[in-house]
A.B. asks: 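Submitted below is the structure of interest, expressed as structure tokens.
Protein chains get the first letters and strands the later ones, always in sequence-line order, with residue 1 at the start of each. In what follows, every heavy atom counts, from backbone to side chain, and hydrogens, waters and symmetry copies are set aside.
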Amino acid sequence: MSAAETGAVRLRIAPSPTGHLHIGNVRAALFNWLYARRRGGVFIVRIDDTDQARSDDRYIDDIIEGFRWLGLDWDEGIGVGGPHGTYRQSDRFDRYRAAAETLLEAGRAYYDFRSAEELEKLRRQAQAERKPPGYYIRRPPDADFEAGRRRAEAGERGVIRFSTPGRPVEFTDLVRGEVRFEPDAIDDFVMLRSDGSPTYHLASTVDDIDYRITHVARGEDLLSSTPKHILLTEALGAEWPVYAHLPLLFGTDRRKLSKRHGDTALRAYREGGYLAPAVFNYMSLLGWSMGSDDEIFGREEAAAAFDLTAVQKSPAVFDAEKLAWMNGVYMRAMAGGEFVDLAVGCIEQDLGRGLDEDERRRLAGLAPLVQERVKLTTEVAPAVRFLFTDVSYEERAWRKVMKGEAARALEAAHEALRALEDWTTAGIEQALRAVLAAEGLSARKGLQPIRVAITGSNISPPLFESLAALPQGAAIDRIAAASERLARTDS
RNA sequence: GGCCCCGUCGUCCAGAGGCCUAGGACGCCGGCCUUUCAAGCCGGAAACGCGGGUUCGAAUCCCGUCGGGGCCA
């Protein structure tokens with residue numbers, strides 16, 4: 001009976017700190033998290049920093065912040081500790097070398113001193129014979145353990161390769177079903193490079209064994225490496241985990257999502273006005289669904305329903321537009337007070353100063369109308385900025401609206417609003433409608449110039465509420481200013 | 001080049017032999033509402049890659065083919 005059956009499941013995500021946390025990694029992490037939570041198991045975050053030249057600790061912070069932001073909490077690993085050390089591969093090189101040594105002594109690995117040219121020749125030969133590329137990379141006849149060791153100790157540079165047993169590997173993948181690889185498809189892969197550093201195959205497999213990982217859910221790009229990992233695990237005397245190879249995330253060109261597809265860093269979304277629950281919700285739908293038409297759901301709901309066997313086999317294209325729509329759904333679903341707090345934060349940052357009591361009150365009055373109009377948090381400040389700064393007219397808006405009857409509408413509005421005693425939405429609406437009717441102007445024609453005068457734009461929150469959110473004096477002044485400008489530009 | 005994976009509307013997902021004249025969502029188009037913009041509501045266009053087979057019956061099973069992708073080089 002395997003560990004997966006007897007104990008709690010243990011899953012992990014192992015990002016490399018060689019760049020900002022990538023959304024492909026985020027999706028993989030999310031599925032691992034969902035499955036761990038569903039099974040009441042353990043979720044681990046390990047840092048795969050074997051490539052020390054390209055790794056940078058600031059990216060570790062980015063990874064930690066990113067996962068935390070999304071609410072993917074982990075039970076062991078970087079930042080939270082656990083029984084297995086630092087959860088950084090760079091601290092475990094000795095362990096990997098020891099594992100390689102064990103295999104060497106057991107005859108399951110060998111030193112390989114062949115030059116790149118020799119190997120290249122073998123590859124070309126394999127290609128000419130239409131054989132798998134790794135076909136000819138096999139243990140050379142003279143590769144005996146003692147001789148290899150002597151040459152290595154004498155300072156000769158060579159790699160240590162795993163010696164594949166020459167039999168097919170079969171396993172059941174939770175997503176793909178039965179998978180089989182023929183011996184020819186599995187080459188004698190390098191475990192330790194000539195500089196003594198471990199390859200991904202070695203480090204990752206040894207870690208999965210040591211951390212007693214029961215389920216490995218990772219991108220499909222690693223499917224063809226899986227037989228190597230299985231063989232290696234066996235050779236090291238351990239039981240291999242259950243594998244689940246997740247469909248890749250594609251860009252709109254249907255290629256593996258990468259830098260050139262624009263925003264592939266989670267950070268870009270965190271800073272671009274997206275809400276964590278929306279990102280979580282959207283990403284969970286990439287390759288999975290609840291099995292119903294329900295698309296809007298939270299973390300706990302998803303965790304309760306998740307199963308790796310229900311994951312889609314085909315790749316998913318990341319659709320930024322649908323994410324934006326979903327973000328809008330979450331924006332609108334926010335409690336009113338919560339949104340006001342968010343809006344205050346947005347505008348204060350935009351203004352570079354705090355809001356006073358009166359300003360907050362005015363913002364809060366308009367907030368519900370803004371809330372249902374924005375998709376991203378970054379849209380909040382531009383929508384309410386007119387409340388706190390002098391208007392600057394959008395030239396296009398001005399030209400579109402300030403013509404024809406605009407002057408009359410502004411003058412009439414100016415007069416009516418100056419005389420108005422009841423400075424409320426209802427009062428303002430009543431006064432303006434009355435005066436427009438008296439002038440014979442339609443609401444459409446009469447109100448747009450006022451909107452531009454007040455907000456600077458022809459697109460804004462509803463006008464009467466916007467006016468009410470402004471002090472009466474300021475509103476009147478703005479209309480007068482627009483009137484003047486119109487008179488100037490007309491003549 | 002070799003091996004492997006995948007194939008339902010433009011995109012994401014539902015569909016696990018009859019409930020499918022294929023459903024939902026985003027996007028798109030049209031309408032309603034309306035002071036702008038959104039939101040909301042109503043309606044529309046839009047897909048089972050292709051060819052065989054199995055079966056009374058196939059989007060669902062099998063084979064082939066085409067197409068796409070991944071890995072190694």
A.B. asks: Within the 4.0 Å heavy-atom criterion, would you say A:Glu321 contacts the bases, only the backbone, or no part of the nucleic acid?
C.D. replies: sugar-phosphate
A.B. asks: Please check: side-chain N/O of A:Glu271 versus main-chain N/O of A:Ala268, any donor-acceptor pairing under 3.5 Å?
C.D. replies: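 No, because the side chain of A:Glu271 does not come within donor-acceptor range (under 3.5 Å) of the backbone of A:Ala268.
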A.B. asks: With rounding to the closest Å, how many angstrom separate the P atoms on B:C26 and B:U65?
C.D. replies: 40 Å
A.B. asks: Provide the distance between the two C1' atoms, one in B:G24 and one in B:C72, to the nearest whole Å.
C.D. replies: 41 Å
A.B. asks: For B:G67, which nucleotide in any strand shown is its Watson-Crick or wobble partner with both distances under 3.5 Å?
C.D. replies: B:C6
A.B. asks: Please report the distance separating the C1' of B:U60 from the corresponding atom of B:U54, rounded so that it comes out in whole Å.
C.D. replies: 13 Å
A.B. asks: So where does chain A start and stop touching RNA chain B, 5' to 3', when the test is distance under 4.0 Å to a non-hydrogen atom?
C.D. replies: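 So the contact region on RNA chain B extends B:G1 to B:A73.
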A.B. asks: Please measure how far the P atom in B:G30 lies from the corresponding atom in B:C50, and state the result in whole Å.
C.D. replies: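 Comparing P positions in B:G30 and B:C50 gives a spacing of 31 Å.
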A.B. asks: Indicate, with a heavy-atom threshold strictly under 4.0 Å, whether A:Pro315 touches base, sugar-phosphate, or nothing.
C.D. replies: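 Here A:Pro315 touches the backbone only, sparing every base.
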A.B. asks: Do the ring centers of A:Tyr330 and A:Phe280 come within less than 6.0 Å of each other?
C.D. replies: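 Between A:Phe280 and A:Tyr330, which both carry aromatic rings, the centre distance is not below 6.0 Å.
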A.B. asks: Does any nucleotide pair with B:C56 by Watson-Crick or G-U wobble geometry, both distances under 3.5 Å, and what is it?
C.D. replies: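 Base partner found: B:G18.
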A.B. asks: B:G49 and B:U55: how far apart are their P atoms, nearest whole angstrom?
C.D. replies: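 Result for the P pair: 23 Å, nearest Å.
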A.B. asks: Identify the residue among A:Tyr274, A:Tyr269, A:Phe318, A:Phe297 that makes a ring pair (Phe, Tyr, Trp, His ring centres under 6.0 Å) with A:Tyr282.
C.D. replies: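 Of the listed options, the one satisfying the test is A:Phe318.
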A.B. asks: Scan A:Phe464 against the nucleic acid and name what it touches under 4.0 Å (heavy atoms): base, sugar-phosphate only, or nothing.
C.D. replies: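 Base, at least one base heavy atom under 4.0 Å.
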A.B. asks: Just name whichever nucleotide pairs with B:G23, Watson-Crick or G-U, keeping both distances under 3.5 Å, else none.
C.D. replies: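 WC or wobble partner is B:C13.
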A.B. asks: Using a 4.0 Å heavy-atom cut-off across all strands, classify A:Asp221 as base, sugar-phosphate, or nothing.
C.D. replies: sugar-phosphate
A.B. asks: Answer with base, sugar-phosphate or nothing: what part of the nucleic acid does A:Ser460 contact at a heavy-atom distance below 4.0 Å?
C.D. replies: base
A.B. asks: For the CD atom on A:Gln430, are there more than 12 heavy atoms of other groups (residues, nucleotides or ligands in this structure) within a distance under 6.0 Å?
C.D. replies: no
A.B. asks: Any strand is fair game: report the nucleotide pairing with B:C33 by Watson-Crick or G-U wobble, both distances under 3.5 Å, or none.
C.D. replies: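 No nucleotide pairs with B:C33.
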A.B. asks: Who is the Watson-Crick or G-U wobble partner of B:G1, with both distances under 3.5 Å?
C.D. replies: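 Paired with B:G1, as far as the under-3.5 Å criterion goes, is B:C72.
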A.B. asks: Might you point out which heavy atoms bring A:Val190 and A:Arg161 nearest each other, and give the distance in Å?
C.D. replies: CG2-NH1, 3.6 Å
A.B. asks: Would you classify A:Glu120 as touching base, sugar-phosphate or nothing, given that sugar-phosphate means primed atoms plus P, OP1 and OP2, and contacts are heavy atoms under 4.0 Å?
C.D. replies: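 The answer is sugar-phosphate, as A:Glu120 gets under 4.0 Å only of primed atoms, P, OP1 or OP2.
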A.B. asks: What distance separates A:Leu441 CG from A:Glu405 CD, expressed to the nearest 0.5 Å?
C.D. replies: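 These two atoms lie 5.5 Å from each other.
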A.B. asks: Output yes when a side-chain donor or acceptor of A:Glu301 lies under 3.5 Å from a complementary backbone atom of A:Ile296, and no otherwise.
C.D. replies: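 No; judged by distance alone, with no hydrogens or angles, the pair does not exist.
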A.B. asks: Could you work out the separation of B:A59 and B:G18 based on their P atoms and round it to a whole Å?
C.D. replies: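 To the nearest whole Å, 10 Å.
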A.B. asks: Contact class for A:Arg124 vs. all strands (heavy atom < 4.0 Å): base, sugar-phosphate, or nothing?
C.D. replies: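 Nothing: the residue A:Arg124, judged by heavy atoms under 4.0 Å, touches no strand.
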A.B. asks: Using the P atom on both, measure B:C5 against B:G64 and round to a whole Å.
C.D. replies: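 Each nucleotide's P atom is 13 Å from the other's.
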A.B. asks: What do you reckon, are the aromatic ring centroids of A:Trp288 and A:Phe31 less than 6.0 Å apart?
C.D. replies: no
A.B. asks: At 4.0 Å (heavy atoms only), tell me whether A:Gln312 reaches a base, stays on the sugar-phosphate, or touches nothing.
C.D. replies: sugar-phosphate
A.B. asks: Both A:Asn458 and A:Arg123 contact RNA chain B. Which one's nearest nucleotide lies toward the 5' end?
C.D. replies: A:Asn458
A.B. asks: State the CG-CG distance between A:Leu275 and A:Leu376, to the nearest 0.5 angstrom.
C.D. replies: 9.5 Å
A.B. asks: P atom, B:A73 versus B:G17: distance in rounded Å?
C.D. replies: 42 Å
A.B. asks: Quick one: label A:Leu463 by what it contacts on the DNA or RNA (base, sugar-phosphate, nothing), any heavy atom closer than 4.0 Å.
C.D. replies: base
A.B. asks: Classify the nucleic acid contact of A:Gly287 as base, sugar-phosphate or nothing, counting any heavy atom under 4.0 Å across all strands shown.
C.D. replies: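 Sugar-phosphate contact only.
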A.B. asks: Assign each of A:Glu220 and A:Leu369 to its nearest nucleotide of RNA chain B by heavy atoms, then name whichever residue's nucleotide is nearer the 5' end.
C.D. replies: A:Glu220
